[in-house]
Participant: 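First the structure, which I've put down as structure tokens, then a few questions once you've had a look.
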Amino acid sequence: MAEEKSLNFLEEIIENDLKSGKHASIVTRFPPEPNGYLHLGHAASIVLNFGLSKKYGGYTNLRFDDTNPSTEETEYVESIKNDVHWLGFEWKNELYASDYFEDLYLFAIKLIRLGYAYVDDSDSETIAREKGTPTMPGTNSKFRDRSVEENIELFEAMKAGKFKDGERVLRAKIDMSHINMLMRDPVMYRIKHAHHHRTFDKWCIYPMYDFAHGQSDSLEHITHSICTLEFVPHRELYNWFIEKLDIYLSHQYEFARRNISYTVMSKRKLLQLVNEKYVDGWDDPRMPTISGLRRRGYTPESIRDFCDRAGIAKRENVTELSLLEFCAREDLNKIALRRMVVFDPIKVVLTNYSEENEMVSVEDNPEDVNGGFREVPFSKELYIEQDDFMEVPPKKFFRLFPGGMVRLKGAYIIKCDEVVKDAEGKIIQLNCSFISESKSGNDTSNIKVKGTLHWVSAAHAIPVEVRLYDRLFKVEDPSSAAGDFKDYINENSLEIIPEVYAEPALKNAVTGEHYQFLRKGYFALDKNSSKDKLIFNRTVTLKDTWAKEVKKG
RNA sequence: UGCCCGAUAGUAUAAGGGUAGUACAUCAGAUUUUGGUUCUGAGUGUCUUGGUUCGAAUCCAGGUCGGGCAACCA
């Protein structure tokens, strides 16, 4: 029996539509404008639209909303397609609003003939002024009452390129005193002598969003056209065009966009971060873009899971970043290969160990019962983390200290016998002894230790670079904080450690594979990594209850 | 001072007139050759004032707070 899973408001609407026979199956669409890279907010929409059509039997179209040639580029089209695929979704049709320019033009002619549209010679300032305000009605344009013939003639002249940019617009003739500002004779077409990424120079008039989106939905027989809350007031116009045109009745539904703490989620702001070089590009691992998250080492599974868990509703929200991180850890814990890497080394010399080294076998992933093992070289001289040793340990510290014992992961238990310092008193080496009968998997020593440390053999370690990322902003909601959002950028969001010491197995690291550096976090190979210089991005840290304990003091 | 949308633990989401639940976060404990994972437990919530009702998070009315609406952007 299927478990009782509560429905979100869109699922309820769809189930009702299916039950009532209004629709036999559903069609949704994901309609990005190709003027930027996709981010987590889009991911929510993608998961929603594709998820819904999959769940209820139907399909989803990918439709690029490319009605504004001045901001849109093919580069973005490619990145968007790539990101949607990477997230794990398959669209039924790849479409463009520009595919419908001819249909839309004919729709416009039809509305002119019906007396529902007119050409206006006013400039944009005049049109804005005549629009009135939310509390004051607008006034009619002096060009509002032209004859159908004159309007047709002028509109065709617009199309034929007889006017310069801004000299004429086509407007819907609705009601200049309408309570909804969007119904006060909205602009349907504007003149732009601009090169379009798909139609090239065929058109010099381009439809506005409101005259393109709903009609495109209708032409594709989209049953449920899902968009974000700021389009709620547009719905009335959306319906008006469909009704006057007497075409397929698509319905628009709105949900609240997904915001996430400590980042921004608007293309405009993200573009600013890119252009003003606060980040390394759209796919900087600190960016909330799909490409950034991918580069950072997030998996599509974890992003989908995040969207599902965060849910959808109609109220404004700021979801905590910790939920995203939880989803990443949960997935990565299952799939990441365990490796040992020492970031900030201190040398350990095993005084009673022979000069010869041996290989110890360590599991790739203890969570995976079918997982393999790799051989790790163990020797007389090792590195451990400085943090894992304290000369004067606080209570509850169960790492290494003088006279104390710890296990080296997958190898032996060692005891710290002597702390070696230089002239300045800085600790430079720990002389330890190892318990030969305590070898992992074959431990007859009967010694119980509280701590297990990661380590590398000094002679066998390979140098790699790691990049540690922190939240991009210092405040939870930079967009609504006082002043400019850029004032809140976290200047310490990137820490590069050019050389850390990794176990040799990491030499074979590949992109697309995920690693857990034991006790350090999850890492993935960066795109700028090379054979000679391996670079790893930290996807997310491990949960660290000891760090929390230390912070509490 | 118009119209529209919204309001449930710290956060995000359920409950559709009948026990306010789940997840993340937080705290406590158990297990652990990762202070990871896993497991157990705890605390914290219906914006407000009235009304309808045996019974209201849910229905009604007023208020409060938050957001949106005056681009030839989407």
Participant: Which part of the nucleic acid does A:Arg258 contact within heavy-atom distance under 4.0 Å: base, sugar-phosphate only, or nothing?
Facilitator: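 Touches sugar-phosphate only.
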Participant: For A:Trp282, does its backbone N or O pair with a side-chain atom of A:Thr289 as donor and acceptor, under 3.5 Å?
Facilitator: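 A pair under 3.5 Å: yes.
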Participant: Who passes salt bridge (charged side-chain N to carboxylate O under 4.0 Å, His left out) against A:Lys173, sequence neighbours left out?
Facilitator: A:Asp145
Participant: Among residues at least two apart in sequence or on other chains, which ones pass side chain to side chain contact (heavy atoms under 4.5 Å, CB included) with A:Val500?
Facilitator: A:Val341, A:Phe343, A:Val464, A:Val466, A:Ile497
Participant: Would you classify A:Gly410 as touching base, sugar-phosphate or nothing, given that sugar-phosphate means primed atoms plus P, OP1 and OP2, and contacts are heavy atoms under 4.0 Å?
Facilitator: base
Participant: From the list B:A74, B:G35, B:A25, which nucleotide is the closest neighbour of the side chain of A:Lys396?
Facilitator: B:G35
Participant: Test of understanding: with ring pair (Phe, Tyr, Trp, His ring centres under 6.0 Å), list the residues that count as partners of A:Tyr253, not counting sequence neighbours.
Facilitator: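 Applying ring pair (Phe, Tyr, Trp, His ring centres under 6.0 Å) to A:Tyr253 gives A:His224.
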Participant: Quick one: label A:Arg129 by what it contacts on the DNA or RNA (base, sugar-phosphate, nothing), any heavy atom closer than 4.0 Å.
Facilitator: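 The residue A:Arg129 makes no contact with any strand.
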Participant: Find every protein N or O atom lying less than 3.5 Å from an N or O atom of nucleotides 2-7 of chain B, and list the pairs.
Facilitator:
unit_1	atom_1	unit_2	atom_2	d
B:G2	N3	A:Pro134	O	3.3

Participant: What's the closest nucleotide to the A:Glu367 side chain, out of B:A25, B:U34, B:G36?
Facilitator: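 Among B:A25, B:U34, B:G36, the one nearest the side chain of A:Glu367 is B:G36.
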Participant: Salt bridge or not for A:Glu330 and A:Arg309, using N-O below 4.0 Å?
Facilitator: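 Judged by the 4.0 Å cut-off on N to carboxylate O distance, A:Glu330 and A:Arg309 do form a salt bridge.
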Participant: The side chain of A:Arg407 lies closest to which of these nucleotides: B:U33, B:A70, B:C73?
Facilitator: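 The nucleotide sitting nearest to the side chain is B:U33.
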Participant: Counting side-chain heavy atoms from C-beta on, which of B:G36, B:C72, B:G35 comes nearest to A:Ser124?
Facilitator: B:C72
Participant: What about A:Tyr96 and A:Phe64, are their ring centers closer than 6.0 Å?
Facilitator: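 They qualify: ring centres under 6.0 Å apart.
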Participant: Looking at B:G35 and A:Trp546: do their rings stack (centroid distance under 5.5 Å, interplanar angle under 30°)?
Facilitator: yes
Participant: Can you figure out which of B:U34, B:U11, B:A74 approaches the side chain of A:Glu72 most closely?
Facilitator: B:A74
Participant: Heavy atoms only, 4.0 Å cut-off, all strands: where does A:Met208 land among base, sugar-phosphate and nothing?
Facilitator: sugar-phosphate
Participant: Can you check whether A:Tyr105's main-chain N or O pairs, donor with acceptor, with A:Tyr189's side chain at less than 3.5 Å?
Facilitator: yes
Participant: Would you mind classifying the nucleic acid contact of A:Thr133 as base, sugar-phosphate or nothing, using non-hydrogen atoms under 4.0 angstrom?
Facilitator: base
Participant: For a quick check of understanding: with a heavy-atom distance under 4.0 Å over all strands, which category does A:Gly441 fall into, base, sugar-phosphate or nothing?
Facilitator: base
Participant: I'd like the C1' distance from B:G63 over to B:A23, given in whole Å.
Facilitator: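 B:A23 and B:G63 have their C1' atoms separated by 34 Å.
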Participant: Just checking A:His234: base, sugar-phosphate only, or nothing, at a heavy-atom cut-off of under 4.0 Å?
Facilitator: base
Participant: Could you list all N or O pairs between the protein and nucleotides 26-29 of chain B that sit under 3.5 Å apart?
Facilitator:
unit_1	atom_1	unit_2	atom_2	d
B:U26	OP1	A:Lys548	NZ	2.8

Participant: Test of understanding: with salt bridge (charged side-chain N to carboxylate O under 4.0 Å, His left out), list the residues that count as partners of A:Arg129, not counting sequence neighbours.
Facilitator: none
Participant: Residues from residues 186-198 of chain A sitting under 4.0 Å of RNA chain B, heavy atoms only?
Facilitator: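 Within this stretch, A:Val187, A:Arg190, A:Lys192 sit under 4.0 Å of the strand.
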Participant: Looking for any heavy atom pair under 4.0 Å, which part of the strands does A:Phe231 touch: base, sugar-phosphate only, or nothing?
Facilitator: base
Participant: If you only use heavy atoms from C-beta on, which nucleotide in B:U34, B:A12, B:G35 is closest to the side chain of A:Thr319?
Facilitator: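 Of B:U34, B:A12, B:G35, B:A12 is nearest to the side chain of A:Thr319.
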Participant: Return the set of residues passing salt bridge (charged side-chain N to carboxylate O under 4.0 Å, His left out) with A:Glu33 (not counting sequence neighbours), or none when no residue passes.
Facilitator: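 With sequence neighbours excluded, A:Glu33 shows a salt bridge (charged side-chain N to carboxylate O under 4.0 Å, His left out) to no residue whatsoever.
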Participant: For A:Glu367, what residues pass the salt bridge (charged side-chain N to carboxylate O under 4.0 Å, His left out) criterion, not counting sequence neighbours?
Facilitator: none
Participant: Report the stems of RNA chain B as range-with-range entries sorted by first number; a stem here is at least three consecutive pairs, Watson-Crick or G-U wobble, both distances under 3.5 Å, and write none if there are none.
Facilitator: B:2-7 with B:64-69, B:10-13 with B:21-24, B:26-30 with B:38-42, B:47-51 with B:59-63
Participant: Between A:His234 and A:Tyr238, does the ring centre distance come in under 6.0 Å?
Facilitator: no
Participant: Atom pairs under 3.5 Å, N or O on each side, protein against nucleotides 17-19 of chain B: can you list them with distances?
Facilitator:
none

Participant: Who pairs with A:Phe434 by ring pair (Phe, Tyr, Trp, His ring centres under 6.0 Å), at least two apart in sequence or on another chain?
Facilitator: A:Tyr353, A:Tyr412
Participant: Identify whether any heavy atom of A:Ser122 sits under 4.0 Å from a base atom; if not, whether one sits that close to sugar-phosphate; answer base, sugar-phosphate or nothing.
Facilitator: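 If one applies the 4.0 Å heavy-atom cut-off, A:Ser122 turns out to touch a base.
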Participant: Could you tell me whether A:Phe326 contacts a base, only the sugar-phosphate backbone, or nothing, with contacts defined as non-hydrogen atoms closer than 4.0 Å?
Facilitator: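 Touches sugar-phosphate only.
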